[in-house]
Undergrad: 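Before I ask anything, let me first share the structure, which is written out below as structure tokens.
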Amino acid sequence: MQNKWLSEAFKGTMPNDFQGKIGWQSPSNIALVKYWGKHGKQLPQNPSISFTLSECRSETFITYEKADSFSFKFFFEGKENPAFGAKIEKFLLENQEFFPFINQLHLKVESRNTFPHSSGIASSASSMSAFVMCLMDLERFLSLRSLSTVEASKGRPIELDLQKASYFARLASGSASRSVFPKMALWGATDCYKGSSDEYAAPLENDIYPVFKTYRDSILIVSGETKSVSSRAGHSLMEDNPYAPARYAKANENIKNLLIALKSGDLDTFINITESEALQLHALMMCSNPSFILMKPNTLNLINEIREFREETKIPLCFTLDAGPNVHLLYPESEAEKVEYYIKNVLADYCDRERWIADRVGNGPKKLL
Ligand code: PMV
């Protein structure tokens, strides 16, 4: 329990005229070493590492107004969306000890994603991290309002505490904990990284070779259908998966070796671990009970094409997969021209209506309002 953040929670009186609107955008992320299996209150069974993306992001606005009790409405892309609103409301109510001030507020949350609906891209990491950034900003604003003018003029930190944001985002959706940091993040305790924790992610930006800060992620849309297994159900299937102990041991070994490769710029090891992690994630789903096959024929066609192309050209590109059929093609920016030509001329034929999204490593959340 992070008592530090519990004791920091704003418990003062809310000014009667407290109202306004704030907005943040936050990106999605793509895991290289996968988080698959959790315990306790959203704690991971193994550490994970991801690239923070840039173009696939959520933009969230909160309009707030003092009220006698908590009330809440959620709109997604202009329409009220009670199903998604219920997830955010549950997160707020379950964790209200951290946000006691919400009991005096009416909140209207409006969110949109920059990536298309039917792209099969999970949005919980971007949407939950954007929401948490708004909530923390709202609390900061409230604390500032309650200070006297003299105290306020002494100034308060302008930057939000990203470790705290990561902690709250993790409570809302595990992978969201990694989205608050620029470039790359590590979530989960490991002896190989000082300061790592199961409770929040850590920024990796200063521990990676420059080439990784330039990485592109071209997301090849094999199918835009929503996933047939939610990540929530997927994590709980790991509880009875006979290969779970071996998986968690392997993930820890992959974290150790990937951290070394990221630091030294060893692209062969990076490729080897990244592809093996993607295939392990899908293998775990294939051997859970009930089992799921989330790859489509064109997922396999793309994997084979990508491996052949790498063999022939020696361009260090590789693939990873999320818990779905779409393929994330990862490569350094210096190879972008050749790889994009290859996507347009060969790989796009395997995509749903030739769709792919050009994304890249990004800088994390940004204040919009
Ligand atoms: O954060 P969740 O509960 O949506 O789980 C994410 C699981 C994967 O995307 C498959 C892997 C990961 O580490 O992001």
Side-chain angles (χ1 to χ4, degrees), residues 26-53 56 58 84 87-88 90-91 113 115 119-132 165-181 184-190 196 198-202 204 217 219 226-239 241 244 247-248 250-252 254-255 258 273-286 288 292-295 299 319-328 330 359:
S26 188
S28 186
N29 66 74
I30 180 69
L32 305 170
V33 174
K34 309 289 181 182
Y35 150 57
W36 200 241
K38 63 179 172 182
H39 65 99
K41 202 174 172 193
Q42 293 275 95
L43 298 167
Q45 291 283 12
N46 64 263
S48 55
I49 288 181
S50 57
F51 275 133
T52 301
L53 297 180
C56 291
S58 299
F84 200 69
K87 283 190 195 162
I88 294 195
K90 184 169 174 275
F91 157 72
N113 292 337
F115 43 98
S119 57
I121 297 176
S123 64
S124 64
S126 56
S127 58
M128 290 305 187
S129 53
F131 177 74
V132 160
S166 177
Y167 176 87
F168 291 148
R170 189 261 304 170
L171 291 172
S173 163
S175 57
S177 66
R178 299 184 308 239
S179 272
V180 304
F181 294 108
M184 295 193 85
L186 160 77
W187 170 42
T190 164
S196 60
D198 281 352
E199 302 201 320
Y200 43 78
L204 284 185
D217 178 7
I219 309 168
T226 43
K227 295 187 284 184
S228 54
V229 57
S230 67
S231 46
R232 185 174 210 235
H235 290 297
S236 67
L237 283 172
M238 282 302 283
E239 284 163 25
N241 189 308
R247 159 63 194 159
Y248 301 142
K250 188 72 194 167
N252 275 289
N254 283 343
I255 285 282
L258 184 60
I273 293 177
T274 299
E275 293 195 347
S276 156
E277 277 285 322
L279 297 174
Q280 269 180 52
L281 171 70
H282 283 256
L284 288 165
M285 284 184 271
M286 286 186 212
S288 28
F292 292 92
I293 301 177
L294 299 186
M295 288 194 240
T299 311
F319 69 84
T320 187
L321 307 167
D322 220 327
N326 300 329
V327 176
H328 290 247
L330 304 172
D359 212 334

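Each ligand, and each atom within it, is numbered from 1 in the order the structure gives.
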Undergrad: Which ligand 1 atoms are under 4.0 Å away from a heavy-atom of Trp36?
TA: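 Those of ligand 1 that fall under 4.0 Å from Trp36 are 7 (C), 10 (C).
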
Undergrad: Drop me the distance from Phe319's CZ to Thr299's OG1, to the nearest 0.5 angstrom.
TA: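 Spacing of CZ (Phe319) from OG1 (Thr299) equals 10.5 Å.
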
Undergrad: Could you list the atoms of ligand 1 found under 4.0 angstrom from a heavy atom of Ala31?
TA: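 Heavy-atom distances to Ala31 below 4.0 Å select 12 (C), 13 (O), 14 (O).
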
Undergrad: Taking the side chain as everything from C-beta on, heavy atoms only, tell me whether His235 gets closer than 4.5 Å to Gln45.
TA: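 No; the side chains remain at least 4.5 Å from each other.
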
Undergrad: Pick one of side chain, backbone, both or neither for how Asp322 approaches ligand 1, counting any non-hydrogen atom pair under 4.0 Å.
TA: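 Just the side chain.
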
Undergrad: By number and element, which atoms of ligand 1 are closer than 4.0 Å to a non-hydrogen atom of Ser173?
TA: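 Matching atoms, with element in brackets: 1 (O).
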
Undergrad: Aromatic rings Tyr167 and Tyr200: how do their planes relate, parallel, tilted or perpendicular, breaks at 30° and 60°?
TA: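 Plane angle between 30° and 60°, so tilted.
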
Undergrad: Please identify each residue that fulfils side chain to side chain contact (heavy atoms under 4.5 Å, CB included) with Leu281, with sequence neighbours left out.
TA: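 Partners of Leu281 by the side chain to side chain contact (heavy atoms under 4.5 Å, CB included) criterion, ordered by chain and then number, come out as Lys34, Trp36, Met285.
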
Undergrad: Under 3.5 Å between any N/O of Lys34 and any N/O of ligand 1: does that happen in this structure?
TA: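 No, no N or O pair falls under 3.5 Å.
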
Undergrad: Between Ser126 and Ser28, is there a side-chain donor-acceptor contact under 3.5 Å, judged purely by atom types and distance?
TA: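 The criterion, which ignores hydrogens and geometry beyond distance, is not satisfied for Ser126 and Ser28.
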
Undergrad: Ligand 1 versus Ser175, non-hydrogen atoms closer than 4.0 Å: side chain, backbone, both, neither?
TA: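 Both the backbone and the side chain of Ser175 come within reach of ligand 1.
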
Undergrad: Which residue and non-hydrogen atom of the protein lie closest to atom 4 (O) of ligand 1, and at what distance in Å?
TA: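 The closest one turns out to be Ser231 OG, 2.8 Å.
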
Undergrad: Between Met286 and Met295, is a side chain to side chain contact (heavy atoms under 4.5 Å, CB included) present by the stated rule, with each step listed?
TA: CA-CA 10 Å; Met286 286 186 212; Met295 288 194 240; 3.9 Å; yes

Undergrad: Can a non-hydrogen atom of Arg178 be found less than 4.0 Å from any atom of ligand 1?
TA: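 A heavy atom of Arg178 does come that close to ligand 1.
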
Undergrad: For ligand 1, is there an atom lying under 4.0 Å from some heavy atom of Arg232?
TA: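 No, that is not the case, since the closest heavy atom of the residue is not under 4.0 Å from the ligand.
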
Undergrad: Starting from atom 11 (C) of ligand 1, what is the nearest protein heavy atom, named by residue and atom, and what distance separates them?
TA: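 Checking every protein heavy atom, the shortest distance to atom 11 (C) of ligand 1 gives Tyr35 O, 3.4 Å.
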
Undergrad: How long is the span from the OG atom in Ser177 to the OH atom in Tyr35, to the nearest 0.5 Å?
TA: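 Rounded to the nearest 0.5 Å, the OG-OH separation comes out at 8.5 Å.
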
Undergrad: How far is atom 3 (O) of ligand 1 from its nearest protein heavy atom, and which residue and atom is that?
TA: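 The closest one turns out to be His235 NE2, 3.1 Å.
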
Undergrad: Provide the number and element of each atom of ligand 1 under 4.0 Å from a heavy atom of Ser124.
TA: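 Atoms satisfying the 4.0 Å criterion: 4 (O).
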
Undergrad: Just jot down the ligand 1 atoms closer than 4.0 angstrom to any heavy atom of Gly174, in number order.
TA: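 Result: 1 (O).
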
Undergrad: With Ile255 as reference, evaluate Asn46, Leu32, Thr190 under the side chain to side chain contact (heavy atoms under 4.5 Å, CB included) test and give the passing residue.
TA: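 By the side chain to side chain contact (heavy atoms under 4.5 Å, CB included) criterion, Ile255 pairs with just one of Asn46, Leu32, Thr190: Thr190.
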
Undergrad: Is any side-chain heavy atom of Phe181 less than 4.5 Å from a side-chain heavy atom of Leu204?
TA: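 No - every pair of side-chain heavy atoms lies 4.5 Å or more apart.
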
